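Note sheet for the following structure.
Ligands are counted one by one from 1 in listed order, and the atoms in each one are counted from 1 as well. Note that this is a predicted model, so its numbers are computed, not measured.
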Amino acid sequence: MSLYVDWGLRPIINASGAVTRLGGAPMPPAVLDAFCAAAQECAPLDVLQGLASREIATHTGAEAGCITSGAAAGLLLGTAAILTGNDLGRMERLPNCTGFPDEFVIAREHRNGYDHAVRAAGARLVEVGFHEPISGAGVRRVEAWEYAAACGPQTAGIFYVYQASSHPPLREVVAVAHEKGLPVLVDAAGQLPPRSNLRDILETGADLVCFSGGKAIRGPQATGLLCGRRDLVSAAAMQMLDMDDYFELWDPPLELIDKTQFRGLPRHGIGRSLKVSKEQIMAVLTALRLFASGAYDAELVFHERRLQQIATRLAGLPVGCRLVKSADSQSLPTLEITLDEVALGRSAFDICRSLRNGNPSVYVGHWGLEHCQLIVNPLHISDKNAVLLATRLVEELQSECSDPR
Ligand SMILES: *Cc1c(COP(=O)(O)O)cnc(C)c1O
């Protein structure tokens, strides 16, 4: 039984993990149940976002939070909140920022395709620093003083893309920003696990942090968390929520929006195009509880066993297999398959393409191809899929000399 087959499509074997292009993470049964149950009754979205704010605060230590339609949506909303604060006129004008500060300082080495979301809100990015070890021109990366030197009257905030290896450390950038009275917006979309990052990143003093709900948390793919300062989360929620009501009747939950701060009800804001549904909110909150409780850790041992079984099937072929385990005992293990391209007479790219085009279609992780590696992430791999996947790998990885038939 397959919905996709019924509709004339072929489902794939996803050996790449929770990547967006292939549909995100598998939702656990409790998350799917929450999605369906939420669909059967109605509740006002602002009330649900108030609930979300309390739940997110519990797990992150943030003052407030809201559910967004992804981490990238959180970046757009967080940027909008920093640009406008509670100013209804500014909310109305975005992405036009004429007349108020609109620059976000970012390290050149933090620039990436997702910063389109920050620019889409109306912000202009001001780049600082170099990554001279990468260009081969020196030893230093971007430094905190360079952020300070770039801040001026047009600066609205600082945008920081977080990884454990990000430089300079977030704490130093927050110190510079707060010295200047500026907020820091952090993209931490894929920085879970470790679970401790739910708290540790905010604990640096960062003002707003975005996480994906559809990656390690395993909520619906188009969900995310935006958490941090209450006034900023409030301004973000104001610009996402549907505003078709009378001011006199409007009764938003106080933990999210303090109505007394406003003289009227704004029209739909720049984030109205990024709306989330009641089903998405309840499903991702359920997933967040599971993730934060460590419920997913018990699967690691099964994933490891499946990867080992696949590695065993590849023994004797012109490849090297390495099981890569995480140090935090929370992240999934992966199988790194390094190809002997000469013995195989084929490139890793060629084999990756054949796997995608074969039957069943298999998508392995493609981030090691330039180092002749295929990467297997087991998140979506069931026992049955593991056998099919191993068979397809063996078919593709038999070199002419290792297969004399
Ligand atoms: C995945 C990712 C995003 C986008 O997250 P969505 O939840 O898919 O919107 C943004 N930034 C980084 C660094 C990511 O890895």
- Which ligand 1 atoms does G70 reach within 4.0 Å, using its non-hydrogen atoms? 7 (O), 9 (O)
- Task: Mark up the atoms of ligand 1 that fall under 4.0 Å of a heavy atom belonging to A72, in ascending order.
- Result: 4 (C), 5 (O), 6 (P), 9 (O)
- Task: Run down the list L76, N112, T20 and name the one with the heavy atom closest to atom 8 (O) of ligand 1.
- Result: T20
- Message: Quick test of your reading of the structure: of Q163, Q191, H110, K215, whose heavy atom lies closest to atom 2 (C) of ligand 1?
- Response: K215
- Pi-cation contact, F104 with R124 (under 6.0 Å, within 45°): no
- Query: Do the numbers put R108 on top of the ring of F130, so that NZ or CZ is under 6.0 Å from the six-membered ring centre and no more than 45° off the axis?
  - Reply: yes
- Contact check: Q221 vs ligand 1, nitrogen or oxygen atoms, below 3.5 angstrom: no
- Item | Backbone or side-chain N or O of L75 under 3.5 Å from ligand 1 N or O | no
- Message: Do R289 and E55 have side chains that approach each other closer than 4.5 Å (heavy atoms only, starting at C-beta)?
- Response: yes
- Side-chain contact test, heavy atoms from C-beta onward, threshold under 4.5 Å: evaluate it for E279 versus M282 and give yes or no. no
- Does H110 have its ring centroid less than 6.0 Å away from the ring centroid of Y160? yes
- Message: What I want to check is whether the side chains of R313 and T391 have a donor and an acceptor closer together than 3.5 Å.
- Response: yes
- Can you tell me if S331 and D328 form a side-chain donor-acceptor pair at under 3.5 Å? yes
[atom]: the protein heavy-atom neighbour that sits closest, reported with distance to 0.1 Å:
atom	value
atom 5 (O) of ligand 1	S212 OG, 3.0 Å
atom 11 (N) of ligand 1	D187 OD2, 2.6 Å
atom 4 (C) of ligand 1	Y114 CE2, 3.4 Å

